[in-house]
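Okay, so here's the structure we're looking at.
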Amino acid sequence: MKKQMEFDLLKNLKQALLAAAKEQGRILTEKDFGSIRWKGSEKEEFYLLDYLNNLFEIPSSNIMLGTGVEAVRSSAAMIFNLLGQKRFSYNETDFLAPEYETEIKAIKDEKDTSHNAHLDATFYSSDKSEFYAVEAKMMEWLNAPKNLSPAYLNEDMYLPQNVKADIFIEFFKSLVHDQKDKDGRLLHKTQRYDAIQMAIHILAIYNHFCAEKTSVKKVVLQNIVWKYDCDDYKIEETEAKEFVEKANKVFMPLFKELNIDFAVEYATFQEAKSKIDFSNDKEREKYLARYDISR
């Protein structure tokens, strides 16, 4: 049942992409789909041979997008198509062009493992007083989140500028079970929402603003998640709201000590889209209709 729902959803997304491309004057056919990685698999038909055909516009040479951007269900493609690569107005505030795939150090590296937060997009307001970090999700809520490296529970692994390691360690402990998987990682408590990933993002952002003087007075870590009316999404949404309330209660005071108003937010793709001023970008707004799929 679940596998069939996923397959049907991918088919709908593919048809919506074909229609959006046609509106732009680009005709895509079955010959434009395929994947070396998924060769011979039923998933192959939902990957584009040229990832540019999954985007509203060609990214500038300095923009690197996340892995899997050629998939019709790609969250990296979704967030690039939403935000673009120029200045834009979001929530009635003027922002500079976004940066994509931003890496920020979370804790010290181990011998074979780096511990960085990978943010899908980040952007500053034009006066540099606001900073947004975005973690985008499309259909990731169909799968269980990853487990936690025990390194995040070791105070010696924390960066020197972070004098609140004990608070982060207690928070991480609240997100996991005592049991470990075969790789020694602590098992996550949530069924669908990636609370561990979001906590790592908070830690990295906190490190960043501890380490440098800044004019930033407001920081928002925002989940932008593609919504679909199904049980898996509903579980994710419930878990997300619980996490947001819990995280804001713990971390708002920490950032306040840095004279920064901080918040974690959870927004659907549709909600985020409604906050963007498309008055000078009507073609993008029209293209984004490819994500307006519901039951």
Side-chain angles (χ1 to χ4, degrees), residues 1-17 35 37-38 41-48 54 66-82 117-121 134-148 172 174-177 179 181-183 185-202 221-248 264-274 288-295:
M1 176 80 81
K2 180 177 176 180
K3 189 174 182 180
Q4 185 60 49
M5 184 200 75
E6 180 181 5
F7 186 74
D8 291 342
L9 192 47
L10 289 170
K11 285 198 296 185
N12 289 338
L13 285 168
K14 181 178 178 179
Q15 290 304 312
L17 166 61
S35 170
R37 179 184 177 191
W38 299 105
S41 163
E42 60 185 16
K43 293 184 178 182
E44 184 179 3
E45 66 169 297
F46 303 116
Y47 285 78
L48 289 137
N54 204 23
T67 56
V69 71
E70 70 276 12
V72 296
R73 57 165 285 180
S74 166
S75 54
M78 180 187 75
I79 202 65
F80 177 77
N81 289 332
L82 177 68
H118 296 262
L119 292 154
D120 291 308
V134 173
E135 175 58 44
K137 300 291 186 187
M138 196 159 179
M139 290 168 57
E140 286 87 344
W141 35 255
L142 284 172
N143 307 110
K146 294 179 181 178
N147 296 320
L148 177 70
F172 279 117
S174 74
L175 303 179
V176 296
H177 296 290
Q179 300 95 322
D181 63 19
K182 61 181 178 62
D183 297 316
R185 293 174 173 265
L186 293 148
L187 302 180
H188 55 82
K189 288 183 177 179
T190 52
Q191 297 180 62
R192 290 291 176 264
Y193 185 66
D194 203 341
I196 290 171
Q197 182 187 47
M198 290 295 286
I200 291 172
H201 287 346
I202 296 170
L221 171 59
Q222 189 171 63
N223 256 151
I224 295 180
V225 182
W226 188 70
K227 179 177 181 178
Y228 187 70
D229 186 17
C230 66
D231 290 342
D232 291 286
Y233 175 79
K234 290 174 183 175
I235 292 170
E236 144 123 348
E237 187 177 43
T238 298
E239 292 177 336
K241 289 177 179 178
E242 291 172 356
F243 175 85
V244 167
E245 182 178 359
K246 178 178 176 180
N248 283 334
V264 181
E265 296 179 355
Y266 183 89
T268 66
F269 172 83
Q270 292 79 3
E271 288 169 341
K273 178 184 170 185
S274 71
L288 292 174
R290 63 174 277 200
Y291 297 109
D292 294 339
I293 294 174
S294 60
R295 284 187 137 166

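Heavy atoms only: backbone and side chains are in, while hydrogens, waters and symmetry mates are out.
For E42, the salt bridge (charged side-chain N to carboxylate O under 4.0 Å, His left out) partners at least two apart in sequence or on another chain are K3. Taking the side chain to side chain donor-acceptor pair (under 3.5 Å) definition, one finds that D8 meets it with Q4, sequence neighbours left out. For E70, there are no side chain to side chain donor-acceptor pair (under 3.5 Å) partners two or more places apart in sequence or in a different chain. Among residues two or more places apart in sequence or in another chain, the side chain to side chain contact (heavy atoms under 4.5 Å, CB included) test is passed with V244 by N248, V264, Y266. Every residue two or more places apart in sequence or in another chain that forms a ring-ring contact (aromatic ring centres under 6.0 Å, His included) with F243 is listed here: F171, Y193. For K246, the side chain to side chain donor-acceptor pair (under 3.5 Å) test picks out S174, with sequence neighbours left out. Considering only residues two or more places apart in sequence or on other chains, E135 meets the salt bridge (charged side-chain N to carboxylate O under 4.0 Å, His left out) condition with K137. In this structure, the side chain to side chain contact (heavy atoms under 4.5 Å, CB included) partners of Q15, at least two apart in sequence or on a different chain, are L18. E239 pairs by the side chain to side chain donor-acceptor pair (under 3.5 Å) definition with nothing, not counting sequence neighbours. Residues passing the salt bridge (charged side-chain N to carboxylate O under 4.0 Å, His left out) test with K14, sequence neighbours excluded: E30, E45. Looking at residues two or more places apart in sequence or on another chain, you find a side chain to side chain contact (heavy atoms under 4.5 Å, CB included) between T238 and E242. For K146, the side chain to side chain contact (heavy atoms under 4.5 Å, CB included) criterion is met by no residue, not counting sequence neighbours.
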Item to check | Stepwise side chain to side chain contact (heavy atoms under 4.5 Å, CB included) check, D292 with K273 | outcome: CA-CA 11 Å; D292 294 339; K273 178 184 170 185; 3.4 Å; yes
Next on the checklist: Under the criterion side chain to side chain contact (heavy atoms under 4.5 Å, CB included), I'd like the reasoning laid out for L119 against L221: C-alpha separation, chi angles, the key distance, then a yes or no.
Outcome noted: CA-CA 10 Å; L119 292 154; L221 171 59; 4.1 Å; yes
Checklist entry - Should L17 and L48 be marked as a side chain to side chain contact (heavy atoms under 4.5 Å, CB included) after you check the CA-CA gap, both sets of side-chain angles, and the distance that decides it? => result CA-CA 11 Å; L17 166 61; L48 289 137; 3.7 Å; yes
Checklist entry - Can you list the steps and then say if F46 with L9 is a side chain to side chain contact (heavy atoms under 4.5 Å, CB included)? => result CA-CA 11 Å; F46 303 116; L9 192 47; over 6 Å; no
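Taking each heavy atom of I293 and L13 in turn, the nearest pair found is CD1-CD2, 3.4 Å. Closest approach of M138 to S74, counting heavy atoms only: SD-O, 3.7 Å. Heavy-atom minimum distance, I79 versus V134: CD1-CG1, 3.9 Å. The two residues Y291 and Q270 make their nearest non-hydrogen contact at O-NE2, 3.9 Å. Of all heavy-atom pairs between S35 and E44, the closest is N-CG, 3.3 Å. Of all non-hydrogen atoms in F172 and I196, the two that sit nearest each other are CE2-O, 4.2 Å.
One finds the CD atom of Q191 at 11.5 Å from the CD atom of E236 (value rounded to the nearest 0.5 Å). To the nearest 0.5 Å, atom NE2 of residue H201 and atom CD of residue Q222 are 12.5 Å apart. Taking CG of L142 as the reference point, atom CE of M5 lies at 5.0 Å (rounded to 0.5 Å).
N81 places a side-chain N or O within donor-acceptor distance of the main-chain N or O of N54, the cut-off being under 3.5 Å. H188 places a side-chain N or O within 3.5 Å of a backbone atom of T190 that can act as its donor or acceptor partner. W141 places a side-chain N or O within 3.5 Å of a backbone atom of W226 that can act as its donor or acceptor partner. Panel note: side chain D120, backbone A136; a donor-acceptor pair is recorded below 3.5 Å.
When side chains are defined from C-beta on, E6 counts as touching R73, because their heavy atoms get closer than 4.5 Å. Residues V72 and L10 meet the side-chain proximity criterion, which asks for heavy atoms closer than 4.5 Å. Using a 4.5 Å heavy-atom threshold, the side chains of R185 and L148 count as separate. Within the 4.5 Å cutoff, side-chain heavy atoms of L187 are placed close to those of N147. Counting heavy atoms from C-beta outward, D229 and K234 have side chains that approach closer than 4.5 Å.
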